[in-house]
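Notes follow the structure.
In listed order, ligands and their atoms are each counted from 1.
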Amino acid sequence: MDQTGQKRENWGSRFGFIMAAAGSAVGLGNIWRFPYLTGMNGGSAFILIYLFFVFVICLSVMIAEFTVGRNSGKAAVGAYKSKSRNWTFAGVIGVLSGFLIMGFYPVVGGWALAYIFKSFSGLLTTPEAIGDAFGAFIGNPVQPLIWMALFLVMNIFIVSRGVAKGIETAGKILMPMLFIILLLIAARGLTLEGASKGVEFLFKPDFSVVTGETFLAALGQAFFSLSLGMGCMITYGSYLNKSENLAQNAAIVTVMDTSAALLAGLAMFPAMFAFGFEPTAGPGLVFVVVPSIFAQLGALGPVLSAFFFVALVVAALTSSVSLLEVVVAYLMDERNWARKKAVYISSAIMVAMCVMASLSLGVMSGVTFLGVGAFDFFDILTDKIFLAIGGMLLAIFTGWFVDKEVLRQELTNGGTVSFALFEVWHGLIKYVIPVVIAVIAVTGIMSITQKGLMVFGLAVIAVLAVFSKKL
Ligand code: TRP
């Protein structure tokens, strides 16, 4: 029972929880972002660093988020606050990150939605035409907004139905479908002539291209892709049954997320090299490469292309659902709002942010703040600063401020399941992870080109640290 006298919502089943957590993790980050970041950061060396961060840092952070969430039975802010008000800010940074990510995520979700229909309407011509069409589409002042709105409506519908009926059902059906479609596309891409160059780009490391920024990009992406550093997995963990094995669930989610990203890479790069695209194409990558693959497939092309974008929308939805849920759970837990009210009001703000983000890629491209448009502003702040620092704060909190025995009891379900690596995990969380993130954050943030933005982000954290005790 919580203070409002209602029983806390719970997941309906183990499979449902894993699908929801994996659904949160697997999203645009894997299929849209991972491939283009890999392309821009030189390929396999970036992937190796990414994998190292995922399994050494992020898996432990995910275990910590689940543990803190289930132990407190509270969403992000409440979980911190229940220990000490001095820590409220760490949760608030998370809620803020949720808002910021939701300021651009539905825009890209809307593009994917539009491309389901565009698959049937003459999009599938030459690669150049496909590229031009994408550029024209995202810069259009009206069209992307309509699709973005549609995407948000679906999102709002799912979250307003609550945890088990909405979020869980969506994940259970849609996640498995996504994997099947990615496998099909990868199989097609790999059999194109000239595909082996793409495989080489993915798996033959070239460390000469690695810089401090590569590490920060890999770390930011690892947090983003696994939905960490903003209390999302704390929130999902808080709905989790006491009999679940936390470490095992975290491992399953991490492996699924990583497979989805690598699979997306395999679906994209071999085909890109076969078609002679530049891997550094940036955010337009999926929207240009995938239709180009399908353009080669004759009559079946449009159908398969539509399937792919359906899957992408699905992946994006299960993720944006989790982002919205962090904000909603905060308003429900800490402000005692009803679920529906929390959903409607927070999404109204997100709509306004998304409109600015979308327009910043077209008619409003001249309007910048601290040197970047709205889309990049939301993206860079979260990716380069808030998530990693959020993860670091969570590690410090868990390692130094939560009693070790409490953690042990929670992770082993009161001694009924074993977690052999408990000591290793605790050491990582307490000593290693805070230092590693601090080093990368400091060197990486220093080397960022948008200095004003970096200062702004750090200032926000400082202000929150001082003023958020009452939230
Ligand atoms: N992980 C999702 C993706 O890869 C995005 C996401 C959902 C997220 N929830 C999050 C990112 C929480 C950071 C924090 O697309």
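- In summary, the side chains of Glu325 and Tyr330 do not present any donor paired with an acceptor at a separation below 3.5 Å, with no hydrogens or angles considered.
- Nearest approach of Val209 to Gly42, heavy atoms of both residues: CG2-CA, 4.0 Å.
- No hydrogens or angles considered: nothing links the side chains of Thr88 and Ser468 as a donor-acceptor pair under 3.5 Å.
- Close contacts of ligand 1 with Cys232, meaning ligand atoms under 4.0 Å from a residue heavy atom, involve 9 (N), 12 (C).
- When the options Ala25, Ser225, Ser227 are ranked by their closest heavy atom to atom 8 (C) of ligand 1, first place goes to Ser227.
- Every atom of ligand 1 is numbered from 1 in the order shown, and the set under 4.0 Å from a heavy atom of Leu28 is 15 (O).
- Between Asp383 and Arg33 there is a salt bridge, since at least one side-chain N of the basic residue sits less than 4.0 Å from a carboxylate O of the acidic one.
- Among Tyr105, Trp32, Phe386, the residue whose heavy atom lies nearest to atom 5 (C) of ligand 1 is Tyr105.
- The shortest N or O to N or O distance between Met230 and ligand 1 is not below 3.5 Å.
- The single protein non-hydrogen atom nearest to atom 11 (C) of ligand 1 is Phe224 O, 3.2 Å, given as residue, atom name and distance.
- At least one N or O atom of Gly29, backbone or side chain, sits closer than 3.5 Å to an N or O atom of ligand 1.
- Nearest approach of Leu96 to Val460, heavy atoms of both residues: CD2-CG1, 3.7 Å.
- Heavy-atom neighbours of Phe52 CZ from other residues, nucleotides or ligands within 6.0 Å: at or below the threshold of 12.
- Close approach of ligand 1 to Ser322 is summarised as follows: ligand atoms under 4.0 Å from at least one heavy atom of the residue are 7 (C), 9 (N).
- A salt bridge links Lys81 with Glu334; the closest basic N to acidic carboxylate O contact falls under 4.0 Å.
- Here is the list of ligand 1 atoms found below 4.0 Å of a heavy atom in Ile101: 11 (C), 13 (C).
- Of all protein heavy atoms, the one lying nearest to atom 2 (C) of ligand 1 is Ser24 O, 3.2 Å.
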